[in-house]
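For reference, the structure is listed below as structure tokens.
Protein chains get the first letters and strands the later ones, always in sequence-line order, with residue 1 at the start of each. Scope of the values below: all heavy atoms of this structure, side chains included, with no hydrogens, waters or symmetry mates.
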Amino acid sequence: MDASGTISPDDELRHWPTDEAQARAVQDRLRSSVRLDQSGPEPGFAGTVVGVDVAYDDERDVVAAAAVALDARTLAVVDEATAVGRVSFPYVPGLLAFREIPTVLDALAGLTRTPDLVVCDGYGLAHPRRFGLASHLGVLTGLPTIGVAKNPFTFRYTPPGPDRGAVSPLLDDRPGTTDTPGSGGTAGGAGHPEEVGRALRTQTGVKPVFVSVGHRVDLDRACAHTLHLAPKYRLPETTRAADSLCRRALASV
DNA sequence: GCGACAG
DNA sequence: ATCTTGTCGC
């Protein structure tokens, strides 16, 4: 991090961790760079929302990433890019970012214009150390990011109402994991469960998705964007487009 | 020791 | 994430 508080993605990539202990140390070091004090772009803003996703071929040790830019208002695809690389880290719950980010950064670099918002597959704040994939990608790029996951991980939630748009809090029952203002310090006392994200029903009668803040976006807007991006299916169109593209990219390698 | 475990 | 058949519906 330089004097202005910016993280250098190149420096981070040069010092990419090789084991779990190093990776956790990186998360603890970068966590303080996350900006949670900005509300982020308004839903329906004039700009692009970019979806990123990754596909793997562990047999050949190959990973393919895709970045697809949609018009934030019409959801039309306006730009896309892919990148291929070697798997840089094994899958470990809580350390997903180290497996996905290097190739995702390459894909993002292939876009013609700078994204106004990036939607990640996975979590941001909803993470054991409050620094999931979306937080990590946000800090390394400086871009507003959110995380939309398909599973609640270890967090607890009460199912939201049956209608599209219904939400319920995603809660961390284990206090003392992080020093969050209002969580009552580090003593493992019985404090109120911390809301780390939200379960959001994007389609009536369909299992919810799990939204959390990444970087420079608040939770209300993260949910509003997610709902706007999912007018027809459970998952945001950004995620669907990026998922489709990275699979095609992997298959053509 | 056993279960749970984003993608 | 990935492995996989058939099936229901627009």
Would the number of heavy atoms belonging to other residues, nucleotides or ligands and lying under 6.0 Å from CD of A:Q38 be above 12?
yes
Per-nucleotide protein contact string for nucleotides 2-7 of chain B (B base, S sugar-phosphate only, - none; heavy atom under 4.0 Å)
---BBB
For the residue pair A:V139 and A:F131, establish whether any side-chain heavy-atom pair is separated by less than 4.5 Å.
yes
Measure the shortest side-chain to side-chain distance between A:R198 and A:C223 over non-hydrogen atoms and say whether it is less than 4.5 angstrom.
yes
Evaluate A:S244 against A:R240 for side-chain hydrogen bond (donor to acceptor under 3.5 Å, both in side chains), listing each step before the verdict.
CA-CA 6 Å; A:S244 169; A:R240 290 166 44 80; over 6 Å; no
What pair of heavy atoms forms the shortest contact from A:C246 to A:A65, and how long is it?
CB-C, 4.0 Å
Sub-4.5 Å side-chain heavy-atom contact between A:E194 and A:R130
yes
Side-chain heavy atoms of A:V119 within contact of A:H225, under 4.5 Å:
no
Run A:R247 and A:D243 through salt bridge (Lys or Arg N to Asp or Glu O under 4.0 Å) and show every step you take.
CA-CA 6 Å; A:R247 286 176 197 255; A:D243 180 81; 2.8 Å; yes
Can you tell me which stems involve DNA chain B, if a stem is defined as three or more consecutive Watson-Crick or G-U wobble pairs, both distances under 3.5 Å?
none
Is the Lys NZ or Arg CZ of A:R221 less than 6.0 Å from the centre of A:F45's six-membered ring, within 45° of the axis?
no
Apply side chain to side chain contact (heavy atoms under 4.5 Å, CB included) to A:L95 and A:Q27, showing your working.
CA-CA 9 Å; A:L95 302 179; A:Q27 292 179 331; 3.7 Å; yes
The remaining residues in the hydrophobic cluster of A:V84, counting side-chain heavy-atom contacts under 4.5 Å among Ile, Leu, Val, Met, Phe, Trp and Tyr, are A:V62, A:L250, A:V253
For DNA chain C, which ranges pair as stems of 3 or more consecutive Watson-Crick or G-U pairs, with both donor-acceptor distances under 3.5 Å?
none
With a cut-off of 3.5 Å and sequence neighbours excluded, list every side-chain donor-acceptor pair involving residues 146-157 of chain A.
{"unit_1": "A:K150", "atom_1": "NZ", "unit_2": "A:D121", "atom_2": "OD2", "d": "3.1"}
{"unit_1": "A:N151", "atom_1": "OD1", "unit_2": "A:K207", "atom_2": "NZ", "d": "3.4"}
{"unit_1": "A:R156", "atom_1": "NE", "unit_2": "A:D173", "atom_2": "OD1", "d": "3.2"}
{"unit_1": "A:R156", "atom_1": "NE", "unit_2": "A:D173", "atom_2": "OD2", "d": "2.7"}
{"unit_1": "A:R156", "atom_1": "NH2", "unit_2": "A:D173", "atom_2": "OD1", "d": "3.0"}

Can you build the contact string for nucleotides 3-10 of chain C? Use B for base contact, S for sugar-phosphate-only contact, and - for no protein heavy atom under 4.0 Å.
--------
